Trainee: 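Before I ask anything, here is the structure I am working with.
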Amino acid sequence: ARDRMRARRISQTDVVLQALPHLTCNVDVVFGAEDALYRSQLGSVEKLLRVAPGFRELRMISDAGHWVQYEEPERCNTELVRLLGRG
């Protein structure tokens with residue numbers, strides 16, 4: 001009822017995949033390994049992210065889903081600090 005993106009339409013598109021090759025920054029990703037929105041594609045996530053020229057690392061956090069930052073805040077923050085500290 002509180003979903004601001006009706007029917008989560010954007011999650012059904014490839015808009016992020018289309019944007020990745022054009023990024024000019026480093027790309028590190030923290031992802032919940034139990035993300036229900038992308039469960040069927042979790043095995044392909046890193047391969048797809050590699051189209052970004054600055055892709056460096058994908059970190060999957062077990063026992064967390066789409067809202068990994070709320071479900072596993074300490075683990076998520078630890079990864080974010082580590083990744084951001086790499087420069």
Side-chain angles (χ1 to χ4, degrees):
R2 293 179 171 228
D3 189 348
R4 291 186 181 154
M5 300 181 71
R6 298 188 202 289
R8 297 184 175 145
R9 288 181 293 238
I10 199 167
S11 71
Q12 304 301 314
T13 73
D14 66 348
V15 67
V16 173
L17 186 59
Q18 289 179 38
L20 286 173
H22 306 286
L23 295 179
T24 58
C25 59
N26 292 330
V27 177
D28 294 299
V29 178
V30 177
F31 212 94
E34 306 300 323
D35 191 324
L37 296 177
Y38 301 101
R39 182 163 289 154
S40 66
Q41 294 132 349
L42 285 176
S44 303
V45 170
E46 186 168 356
K47 179 182 175 187
L48 295 171
L49 289 169
R50 289 195 178 280
V51 303
F55 176 72
R56 297 188 308 179
E57 186 174 344
L58 167 64
R59 182 68 176 133
M60 292 279 213
I61 296 184
S62 61
D63 302 318
H66 189 74
W67 294 103
V68 61
Q69 68 274 28
Y70 298 107
E71 296 169 17
E72 290 290 339
E74 289 181 20
R75 291 169 59 202
C76 185
N77 288 340
T78 296
E79 289 302 324
L80 289 173
V81 167
R82 182 181 67 77
L83 292 169
L84 291 169
R86 292 184 348 179

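Reckoned from all heavy atoms, side chains included, excluding hydrogens, waters and symmetry mates. Being a predicted model, the structure only gives us computed values, none of them experimental.
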Trainee: Mind listing the closest non-hydrogen atom pair of Glu72 and Asp63 along with its distance?
Mentor: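 Residues Glu72 and Asp63, closest heavy atoms: OE2-O, 3.8 Å.
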Trainee: side-chain hydrogen bond (donor to acceptor under 3.5 Å, both in side chains) with Glu46: which residues, sequence neighbours excluded?
Mentor: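 If we apply the side-chain hydrogen bond (donor to acceptor under 3.5 Å, both in side chains) test to Glu46, skipping adjacent residues, the hits are Arg50.
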Trainee: When rounded to the nearest 0.5 angstrom, what is the spacing between CG in Asn26 and CZ in Phe55?
Mentor: 11.5 Å
Trainee: Are Leu84 and Val27 grouped together when hydrophobic residues (ILVMFWY) are joined by side-chain heavy atoms under 4.5 angstrom apart?
Mentor: no
Trainee: Please report the interatomic distance CG(Leu80) to CZ(Arg59), rounded to the nearest 0.5 Å.
Mentor: 11.5 Å
Trainee: Quick check: do Gln41 and Leu48 have side-chain heavy atoms less than 4.5 Å from each other?
Mentor: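 Result no, sub-4.5 Å side-chain heavy-atom pair not found.
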Trainee: Is Val30 reachable from Trp67 through a run of I, L, V, M, F, W or Y residues, each pair having side-chain heavy atoms under 4.5 Å apart?
Mentor: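 No, because Trp67 and Val30 fall into different hydrophobic clusters, even though each may have its own neighbours under 4.5 Å.
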Trainee: Looking at residues at least two apart in the chain, or sitting in another chain, which of them share a side-chain hydrogen bond (donor to acceptor under 3.5 Å, both in side chains) with Ser62?
Mentor: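 Partners of Ser62 by the side-chain hydrogen bond (donor to acceptor under 3.5 Å, both in side chains) criterion, ordered by chain and then number, come out as Arg75.
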Trainee: Compile the donor-acceptor pairs under 3.5 Å between side chains in residues 17-25 and protein atoms, sequence neighbours left out, one pair per line.
Mentor:
residue : atom : partner : partner atom : Å
Gln18   : NE2  : Asp14   : OD1          : 2.5
Gln18   : NE2  : Asp14   : OD2          : 3.4

Trainee: With rounding to the nearest 0.5 angstrom, report the CZ to CG distance, Arg56 to Leu49.
Mentor: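 One gets 13.5 Å once the value is rounded to the nearest 0.5 Å.
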Trainee: Measuring from Glu71:CD to Glu34:CD, what's the distance to the nearest 0.5 Å?
Mentor: 9.5 Å
Trainee: Answer yes if Val68 and Val29 sit in the same cluster of Ile, Leu, Val, Met, Phe, Trp and Tyr residues linked by side chain heavy atoms under 4.5 Å apart, and no otherwise.
Mentor: no
Trainee: State plainly whether one hydrophobic cluster holds both Ile61 and Val81, where clusters connect Ile, Leu, Val, Met, Phe, Trp and Tyr through side-chain heavy atoms under 4.5 angstrom apart.
Mentor: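 No; tracing contacts between hydrophobic side chains, which count when under 4.5 Å, never links both residues.
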Trainee: Say whether Val16 and Phe31 are linked into one hydrophobic cluster, either directly or through other cluster members, by side-chain heavy-atom distances under 4.5 angstrom.
Mentor: yes
